[in-house]
Asks: 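There's a structure below that I have some questions on.
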Amino acid sequence: QDAVTLQLKWVTQAQFAGYYVAKDKGFYEEENLEVTIKPGGPDIAPEQVIAGGGADVITTWMAAGLAARERGVPLVNIAQPFKTGGLQLTCLKETGVETPEDFAGRTLGVWFFGNEYPFYAWMAKLGLETDGADDNGVTVLKQAFNVDPLLQGQADCISTMTYNEYGQVLDAGYTADDLVNFNYLEQGIGMLEDGLYVLEDSLEDPAFADKMVRFVRASMKGWKYAAENPEEAAQIVVDNDTTGAQTLAHQTYMMSEVAKLTAGSNGALDPADYEQTVATLLSAVSEENPAITTEPEGAWTHMISDQALQ
Amino acid sequence: MLGQDLPGSAAFGVAVLACIAMMALVVSLVSSGRRAGVLPPLVLGAAILLLWEVGTRGFGVPSVILPPVSAIAVRMVASHATLWEDFSQTFLKGALSGYIIGCGAGFLLALFSDRVPFLQRGLLQVGNFLAAMPIIGIAPILVMWFGFDWQSKAAVVAVMCFFPMLVNTVQGLAAAGAMQRDLMRTYAASYGQSMTKLRLPAAAPFIFNGLKICTTLALIGAIVAEFFGSPIRGMGFRISTEVGRLNLDMVWAEIVVAALAGSAFYGVITLLERAATFWHPSQRRG
Amino acid sequence: MRTMQSVLIVVGGIMAIWLAAVPFMNIKWEANMASRAGVEVSIPEGGLRRASAVALVFTNPHLIPGTYVQEKPRLPGPQQVVAELWATTAGEAVTSNRSLVYHAGVTLTGTVAGFLFGTALGVLLAVAIVHVRVIDASIMPWVIASQTIPILALAPMIIVVMNSVGITGLVPKAIISAYLSFFPVVVGMVKGLRSPDAMQMDLLKTYNASAAQTFWKLRLPAAAPFLFPSLKIGIAASLVGAIVGELPTGAVAGLGARLLAGSYYGQTVQIWSALFGAAILAAILVGAVGLIQAFALKRMGFAR
Amino acid sequence: MNEQSPSASVIEARNLSLTFQTSDGPVHALKDVTLTIGKGEFVSFIGPSGCGKTTFLRVMADLEKPTAGTITVNGVSPEQARRSRAYGYVFQAAGLYPWRTIGGNIRLPLEIMGYSKAEQAERVRRTLEMVELSGFEKKFPWQLSGGMQQRASIARALAFDADILLMDEPFGALDEIVRDHLNEQLLELWGRTGKTIGFVTHSIPEAVYLSTRIVVMSPRPGRITDVIESTLPRERPLDIRDTPEFIEIAHRVREGLRAGHGDDV
Amino acid sequence: MNEQSPSASVIEARNLSLTFQTSDGPVHALKDVTLTIGKGEFVSFIGPSGCGKTTFLRVMADLEKPTAGTITVNGVSPEQARRSRAYGYVFQAAGLYPWRTIGGNIRLPLEIMGYSKAEQAERVRRTLEMVELSGFEKKFPWQLSGGMQQRASIARALAFDADILLMDEPFGALDEIVRDHLNEQLLELWGRTGKTIGFVTHSIPEAVYLSTRIVVMSPRPGRITDVIESTLPRERPLDIRDTPEFIEIAHRVREGLRAGHGDDV
Ligand SMILES: Nc1ncnc2c1ncn2[C@@H]1O[C@H](COP(=O)(O)OP(=O)(O)OP(=O)(O)O)[C@@H](O)[C@H]1O
Ligand SMILES: Nc1ncnc2c1ncn2[C@@H]1O[C@H](COP(=O)(O)OP(=O)(O)OP(=O)(O)O)[C@@H](O)[C@H]1O
Ligand SMILES: Cc1ncc(C[n+]2csc(CCO)c2C)c(N)n1
Ligand SMILES: [Mg+2]
Ligand SMILES: [Mg+2]
């Protein structure tokens with residue numbers, strides 16, 4: 001069996017259900033692979049892990065992947081199970097925010113650690129400064145893990161994922177009617193999320209390329225199974241969570257929402273989506289926080305997905 | 001392996017030899033009996049930096065894992081304005097105010113409990129228990145209570161400093177010898193008099209011990225608390241954000257600032273201690 | 001006995017303050033939810049956000065009971081923490097990853113491994129510092145400087161870098177623990193090894209004792225009373241190191257992972273119970289060192 | 001000058017006992033001690049190590065509470081006497097505060113008792129001269145030899161005007177010549193001021209040379225085995241120690257001591 | 001028994017000087033000291049505090065290096081003598097190791113010098129008996145009174161067979177009766193073993209009672225001002241101290257001391 005180490009972007013949750021299902025259901029084994037799935041965490045940068053040789057393949061957001069490429073870690077997208085993104089900005093209606101025009105003077109919660117590029121691109125597009133609340137700017141908070149800042153009234157809007165934090169806000173007692181959501185895709189600054197990336201030169205090794213083909217094939221099988229059997233997938237995720245803190249109810253919710261994001265993808269990257277992500281990043285470059293400054297080259301390949309999905 | 005890394009390992013070898021030469025110099029200096037002062041640690045530091053620089057460059061360590069020293073230095077110069085902003089946010093606002101509040105509160109409670117001996121025994125036990133507790137774990141709670149800005153960082157620092165200070169002060173107030181106290185009794189000295197003239201001076205070495213422990217805790221507390229939410233400036237914010245962006249040179253620049261600030265803070269307290277407790281055997285020399 | 005009594009009073013006092021604080025900390029959320037649910041709530045002019053918690057509590061006494069049983073309180077009631085502690089210890093099999101005992105065990109191995117490692121390093125360094133002048137002159141300032149580096153901020157990178165060379169799990173965590181615990185041991189041990197006074201040293205000189213004999217028969221026993229308090233500080237620091245080492249790799253296991261998971265989902269009660277679990281673990285560890293200390297020092301005749 | 005009236009008794013102890021409770025069981029430091037010290041007397045306490053000399057002095061000074069019996073100092077309880085600052089006390093070890101200079105140490109009681117600045121300076125100067133330490137006012141204790149520290153601690157007890165002086169082996173750490181000198185000084189001071197002095201010593205000649213009365217004690221339990229009245233005149237040159245009368249008293253003290261020693265070496 | 005041949009000199013010091021460099025400037029602890037001690041002699045050193053007695057003894061023991069002059073011990077350098085374990089040393093304070101029992105403390109030099117277990121036990125028993133501490137072998141130092149600790153420290157120096165015994169005020173902390181007793185014991189040991197003894201004391205009677213020669217020293221700088229040969233017989237009962245001969249020697253020592261004291265109190 002060939003060993004493959006996958007580094008996730010975040011903790012064990014249904015966001016990564018496809019991989020856990022493939023492992024649990026023996027899809028990897030069928031492809032003669034022995035896959036180790038390393039959960040991530042708030043301070044684990046998958047790009048750093050792969051650069052240091054701690055993983056063969058990682059999941060990450062495209063903006064972060066391209067940024068890493070510009071900083072000397074030659075990442076290549078080999079597959080894109082997520083067709084669309086779940087990132088949004090969620091505001092409390094009672095604070096009076098209804099459109100992006102209302103942002104000026106507000107406090108917005110943002111995730112950093114390589115997740116901030118879409119936000120800065122958006123603000124650049126809106127022409128809003130990010131260094132303090134006034135007529136022409138917003139106050140940015142580094143939002144930690146949870147939705148407390150919104151519930152405690154410390155921020156007017158916070159970042160949420162459709163499949164996770166948004167559900168937590170609903171769980172806390174607010175209804176969809178109390179909230180206003182700005183989906184990044186709908187705002188035209190959508191960027192590809194959770195793709196699979198490897199180091200460019202490793203693909204030159206045919207044996208490695210072959211391993212990745214089998215890996216992507218089995219993973220997509222896992223995603224398909226997960227979408228069809230959300231309850232079982234959620235249970236598999238909960239079983240794989242070593243902290244014992246995840247609940248089945250929440251993971252089931254997450255699975256159903258994640259399925260919406262993976263729905264349109266067969267695993268191959270759609271070059272149009274790639275172009276859009278790059279165009280957004282380049283068109284609205286934030287001065288202090290540029291993800292990329294020049295058009296990347298060779299940042300994706302169909303070599304693996306083509307073979308995997310034929 | 002050999003062929004590929006030859007320039008790297010050759011340079012590394014030269015650097016190792018240079019370090020050995022420097023250390024040999026120090027050895028001869030020290031063993032010749034002359035007072036070498038700050039020279040030996042400086043030489044050691046220089047040797048480590050040299051090995052670091054040559055090692056990272058020579059072996060082609062990716063800069064997203066460990067950048068060479070020179071890159072860090074360049075970054076420090078280029079981003080000095082950001083570094084200063086972060087420093088004032090985290091150290092001047094968060095750490096320092098928390099330090100003053102925490103140490104002050106610990107000291108005052110120790111004084112108070114001294115007047116209520118019954119309370120003191122329990123307080124000390126509970127204080128010892130809480131001092132051993134990983135206070136760092138309360139950071140997410142305090143960020144939730146006190147908001148994102150430096151106030152919550154100050155709160156974390158204050159809580160971390162409180163117990164070491166309390167425990168040390170209480171211990172210090174008990175440090176005056178039985179005979180020294182008896183002397184005060186023979187003078188029928190008032191509580192305040194024996195406090196100011198005997199027990200506080202006798203407690204000073206312990207109080208400074210607490211103050212010194214807290215200098216390192218203060219910086220650590222303020223930085224880690226920023227991991228749990230912060231405005232978009234501060235040393236902890238910068239460290240965690242720039243790791244995510246793979247700008248490791250900036251991360252190390254912040255760490256250098258933190259180490260310099262921490263050492264300076266420690267040094268200042270040590271100087272104060274030396275001035276205030278010159279009489280203590282540990283401070284006498286020659 | 002009197003100590004016991006006053007400990008109880010202090011703990012009782014803390015409990016009372018805690019209980020009294022709960023309504024004030026949680027009232028806003030309670031009022032918010034109650035008014036959404038159509039319950040009569042008196043909210044002052046200017047809305048809930050601006051309202052003072054004190055005023056809210058006194059104008060809405062009927063909401064007070066609810067503040068003690070919120071699912072995600074700002075400040076959980078003590079009974080909630082105790083219930084959660086009970087449920088996650090007695091209520092789960094020890095081997096289950098939902099059991100706090102299991103997670104405490106994971107943290108404990110990291111702590112103990114790091115502590116042993118740090119103590120060994122600290123003792124060796126102290127012995128070298130005391131015996132070799134060059135080491136004393138060149139290393140001590142760096143030992144102090146090492147503690148001013150925010151290792152806790154570096155911890156994630158250490159773990160990633162170690163991960164990248166294939167070292168995972170216990171070792172990186174233990175290294176952080178060791179880094180934090182070696183310092184108090186070096187300081188205490190150097191002080192202790194240097195504690196023999198000139199006369200005690202001279203005595204051995206008159207016997208023409210070797211350096212090794214001086215070490216085993218004088219320096220080491222003289223250092224014992226200094227070593228143990230350092231070990232107590234060291235093991236507490238070690239625990240902090242293990243917990244912090246568990247934070248970044250949040251998905252794995254241990255009290256730090258519990259803390260993070262609780263934080264990630266806003267489960268305050270879970271955070272508090274992990275925190276208390278850690279405090280109890282700290283107390284047990286320090287207590288264990290204390291027992292060894294009492295035994296060792298008594299055998300050595302230091303106890304009076 | 002030294003009008004001594006037997007009626008004015010300064011210390012009156014009746015059936016005084018003091019038992020320390022230790023983990024090894026009770027230690028009877030004092031047992032049934034009865035003693036009266038008149039005004040202006042110079043009483044020495046002598047006895048083997050551990051016989052309760054220090055303890056007895058500490059009871060007089062209200063630093064220790066007797067477990068049985070009664071004691072009055074100046075007609076009131078030791079506590080009241082202490083509060084009215086009736087005595088100066090010299091401890092067995094110098095016990096100077098290391099963070100104060102020699103001058104600062106001597107000034108300590110004066111500050112506490114509220115003397116004026118000028119008065120403080122004057123008294124420090126005067127007592128330093130008395131113990132021949134002028135010039136060392138600005139030095140810290142650790143810069144002085146053990147004997148000099150001991151003298152500074154004596155100066156500290158003499159700096160303020162207490163009627164009673166309690167001294168616990170004050171000259172133990174001094175060599176014979178300095179000791180002789182300070183013995184003379186002490187006698188001179190006593191003659192001049194009429195203080196009542198309680199004095200602990202291990203030296204038989206010293207006890208005989210200084211005292212109007214010598215109290216011999218024995219240990220386990222600590223009790224008084226002999227009280228020897230001195231027949232020496234109040235005026236005592238150093239060479240009085242070679243007179244047969246002196247040698248005779250010293251002999252009696254030695255016999256008393258030896259008897260109390262028992263089998264204890 | 002005690003065959004003393006003048007040729008066999010054990011200690012030979014010529015023009016010995018020792019200056020301590022301190023932050024306040026140099027301290028001349030010893031200046032131009034010349035002295036020869038023959039085999040089997042009992043030499044006492046007496047002099048005011050700080051005159052260099054301890055320093056001189058420490059130079060003999062190679063615990064301090066002279067800054068000028070020469071000294072030999074048993075014909076070799078002090079360092080070689082120390083390495084061959086030529087002497088036992090009793091410090092001014094007891095200095096027992098608190099983590100060892102009394103027995104363990106006495107065993108310490110024996111362990112270091114590699115005596116067999118059986119031999120160690122035997123010697124501990126014998127020396128404990130000598131200082132009358134049998135039965136206290138298992139006790140820790142702090143469970144004993146100061147005087148008993150001092151005796152244990154003497155036993156420690158006697159436990160192994162060194163030809164030279166250097167004792168720095170060994171009986172300072174003891175009361176007169178115990179002191180008398182140990183003085184007798186020491187004389188008995190000396191007579192029996194023929195050791196060479198260097199002995200520091202503050203007590204004139206003690207010096208006269210014990211010594212074959214008394215070296216009087218004076219301070220600043222520390223030098224020898226007088227060397228008094230004792231005319232007393234080797235056999236000395238305690239009451240020899242009342243003989244005119246004894247009093248005469250004591251008087252000479254006191255005069256020598258007083259002269260050396262100068263203006264220094
Ligand atoms: N605080 C205490 N606790 C228990 N026992 C004590 C305490 N203080 C003194 N003792 C005991 O009381 C007895 C008398 O002690 P004290 O100090 O009065 O003796 P002393 O006559 O002054 O002896 P020395 O000549 O050695 O100073 C001793 O047996 C001593 O061990
Ligand atoms: N390590 C040292 N550094 C500086 N000065 C010293 C040192 N040791 C001793 N002295 C000084 O040397 C002189 C002689 O000291 P020494 O201890 O020999 O005196 P001593 O005769 O033994 O006095 P005592 O009777 O008080 O024991 C003193 O003035 C002392 O202050
Ligand atoms: C400190 C911190 N940094 C980043 C993220 C963002 N993040 C990482 S994975 C993921 C998917 C949603 O669970 C998201 C949003 C976070 N939550 N907390
Ligand atoms: Mg006493
Ligand atoms: Mg001496």
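As the structure is a prediction and not an experimental result, all values here were calculated from the model. Throughout, a chain's letter reflects where its sequence line sits, starting with A, and its residues are numbered from 1.
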Asks: Taking all heavy atoms of C:Ala257 and all of A:Thr243, pick out the closest pair and write down the distance.
Replies: CB-CG2, 3.9 Å
Asks: Could you check whether atom CZ of C:Phe117 has more than 12 heavy atoms from other residues, nucleotides or ligands sitting under 6.0 Å from it?
Replies: no
Asks: Quick check: closest heavy atoms across C:Arg98 and A:Val238, and the distance to 0.1 Å?
Replies: NH2-CG1, 3.7 Å
Asks: By a 4.5 Å heavy-atom criterion (distance strictly below it), what part of A:Gln7 contacts chain C: side chain, backbone, both, or neither?
Replies: neither
Asks: Tell me whether C:Glu71 at atom CD has more than 12 heavy atoms from other residues, nucleotides or ligands lying less than 6.0 Å away.
Replies: no
Asks: So for A:Ala55, is it side chain, backbone, both, or neither that comes closer than 4.5 Å to the heavy atoms of chain C?
Replies: neither
Asks: Closer than 3.5 angstrom, by distance alone: can the side chain of C:Arg36 be matched with the main-chain N or O of A:Gly173 as a donor-acceptor pair?
Replies: no
Asks: Could you tell me which of C:Arg74, C:Gln267, C:Gln270 has the largest number of non-hydrogen atom pairs under 4.5 Å with chain A?
Replies: C:Arg74
Asks: For the residue pair C:Asn32 and A:Tyr174, what are the closest heavy atoms and their distance?
Replies: ND2-OH, 2.9 Å
Asks: Is it the case that over 12 heavy atoms from other parts of the model lie below 6.0 angstrom from the CD atom of C:Glu40?
Replies: no
Asks: Rounded to the nearest 0.5 Å, what's the gap from CE on C:Met33 to CG on A:Leu151? Could you check?
Replies: 7.5 Å
Asks: Rounded to the nearest 0.5 Å, how far apart are CD of A:Gln152 and NZ of C:Lys72?
Replies: 11.0 Å
